[in-house]
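In what follows, a structure is listed as structure tokens, so that the remarks can point back to it.
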Number of protein chains: 2
Amino acid sequence: METLRERKKQRTRDALLRAAVELFTTRGYERTTVDDIADAVDVSQRTFFRYYAGKEEAALALQELVVTRFVAAVRERPAEEAPMEALKQAVLEGWQTLNEVIEAVVPVELYLRMYRVIESTPVLLAAHLRRNMEIEEAMARVLAEREGLDVEADPRPRLAVAVFGGVMRVTERQWSTGEDFSLEAMRALTISYLEQVGPALTENWRTR
Amino acid sequence: METLRERKKQRTRDALLRAAVELFTTRGYERTTVDDIADAVDVSQRTFFRYYAGKEEAALALQELVVTRFVAAVRERPAEEAPMEALKQAVLEGWQTLNEVIEAVVPVELYLRMYRVIESTPVLLAAHLRRNMEIEEAMARVLAEREGLDVEADPRPRLAVAVFGGVMRVTERQWSTGEDFSLEAMRALTISYLEQVGPALTENWRTR
DNA sequence: TGTCAATTGTCAGCGGCTGACACTAGCCTC
DNA sequence: GAGGCTAGTGTCAGCCGCTGACAATTGACA
């Protein structure tokens, strides 16, 4: 059973996030001040900063929900699965249940719109990429453990994860600049691109 | 022949950069204010912002010197070279002449120290990654042109470049956290890691 | 040398963010 | 259920990055 205090806090937290995302996706990130967000929730600016370390954190909070689930998903993949396959399955599986997770806070449509705001706002894109890097480091450790390797000694876990991350980034970008914003489109793109990585590295591009 | 005005401007520009890098590498990025930099060059804060769009730009200016040369190097690689090979050769070739380019502005040692500051300062690392992404996009277009492909239609150029970029990032990180900061160490790491990417993706890690 | 244009300094001000301190409101004990 | 305790909030002052506007200075060029 939750205490009243905790429920109140959670409500303010959610309200701030909703207000922030709403404003970011309509007015734009740069043109939204922290005061705007705080005012929308009828809270002091200082309080906003007690819930989120900064404007950036609020803007990336939704992504964070998805990302943490992804890491957990990889951890729970069967140990006999090959590294790249485990990563792939974890993402695809993640898309499936994305709806419920997001919808608990904001409409999925808002999440997708926010995603595009991140991709198109330099400072947010930068923060997003940095976060991805942290995730990749965590994933490398997970893979290394699965395979019984030492991350510091064997570069293969980090290399594999970096490649996977690279492909995902290309996929996301392609998806976010395309016309079909459905999850199904994302899924298809992911599978297709992952299949093409190997060939793209070794094969001669002109003979195909 | 350069005019006096232009020479003066260039001098201020260089002085600002030198002062900035000097301060960043000793005092740290966050703990250095723009006023500190401006004062060190005996110039108003406003003037600093006329030369550099922000603190960040000054911090990444040295990297920018290297990066632009890399793009140019790829462009001038023989057309018959395979894509990945062209990228690899361009980087390795770039390291060779790095000394002269950097030394024209600051001691190479300072450049290397600044590199570590970037890697260890969250906001700088983020900006750095974002810049890398822009470079990758440019590189993808170069590769596509070399091979006579349409970047928008064929994902292979972007995929190859993303993979290459991923490997380079892992390499850089490994290098910057290691003990040997020589260019030779970087070179060796790059070659070794590039060789291991293919196998890391397909082979079974446990049977080796 | 005097005019014109480029460069710089000064000033005022916004927005993100933080520390300090007082106040309010939920919690827990007696 | 009254009291004290503490977590959460608002207010205020202030730093820092950054920008626009305007005045002052300094090189360029006829």
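Convention: sequence-line order gives letters A, B, ...; per-chain numbering from 1.
- A centroid separation of less than 6.0 Å is found between the aromatic rings of A/Trp175 and A/Tyr115.
- Summarising the geometry, the separation between NZ on A/Lys9 and P on D/dT9 is reported as 7 Å, rounded to the nearest angstrom.
- Checked against ring pair (Phe, Tyr, Trp, His ring centres under 6.0 Å), A/Phe70 has no partners two or more places apart in sequence or in another chain.
- Summarising the geometry, the separation between CD on A/Glu30 and C1' on C/dC14 is reported as 14 Å, rounded to the nearest angstrom.
- When side chains are defined from C-beta on, B/Arg69 does not count as touching B/Leu98, because their heavy atoms never get closer than 4.5 Å.
- B/Glu145 CD: 12 or fewer foreign heavy atoms inside a 6.0 Å radius.
- To the nearest angstrom, P of C/dG16 lies 12 Å from CG of A/Leu23.
- For DNA chain D, the residues of residues 42-61 of chain A within the heavy-atom distance limit of 4.0 Å (strictly under) are A/Val43, A/Ser44, A/Arg46, A/Thr47, A/Arg50, A/Tyr51, sorted by number.
- Remark: B/Lys8 is in phosphate contact with D/dG27, judged by side-chain N or O atoms under 4.0 Å from OP1 or OP2.
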| said: Working note: B/Tyr29 + B/Val123, criterion side chain to side chain contact (heavy atoms under 4.5 Å, CB included); need CA distance, chi angles, decisive distance, verdict. | reply: CA-CA 10 Å; B/Tyr29 178 76; B/Val123 54; 3.9 Å; yes

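- Rounding to whole angstrom units, CZ of residue A/Arg7 and P of D/dG8 are separated by 14 Å.
- Note: CD (B/Gln10) to C1' (C/dT7) measures 15 Å, nearest angstrom.
- If you take CD of A/Glu6 and C1' of C/dA25, they are 15 Å apart, rounded to a whole angstrom.
- A/Arg5 has its CZ atom 10 Å from the P atom of D/dT9, to the nearest Å.
- In this entry the distance linking CZ of A/Arg31 with P of C/dC14 reads 17 Å, nearest Å.
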- Message: Run the salt bridge (Lys or Arg N to Asp or Glu O under 4.0 Å) test on A/Arg31 and A/Asp36 for me, step by step, so that the C-alpha distance in whole Å, both residues' side-chain angles and the decisive distance to 0.1 Å come before the verdict.
- Response: CA-CA 10 Å; A/Arg31 300 179 41 164; A/Asp36 290 337; over 6 Å; no

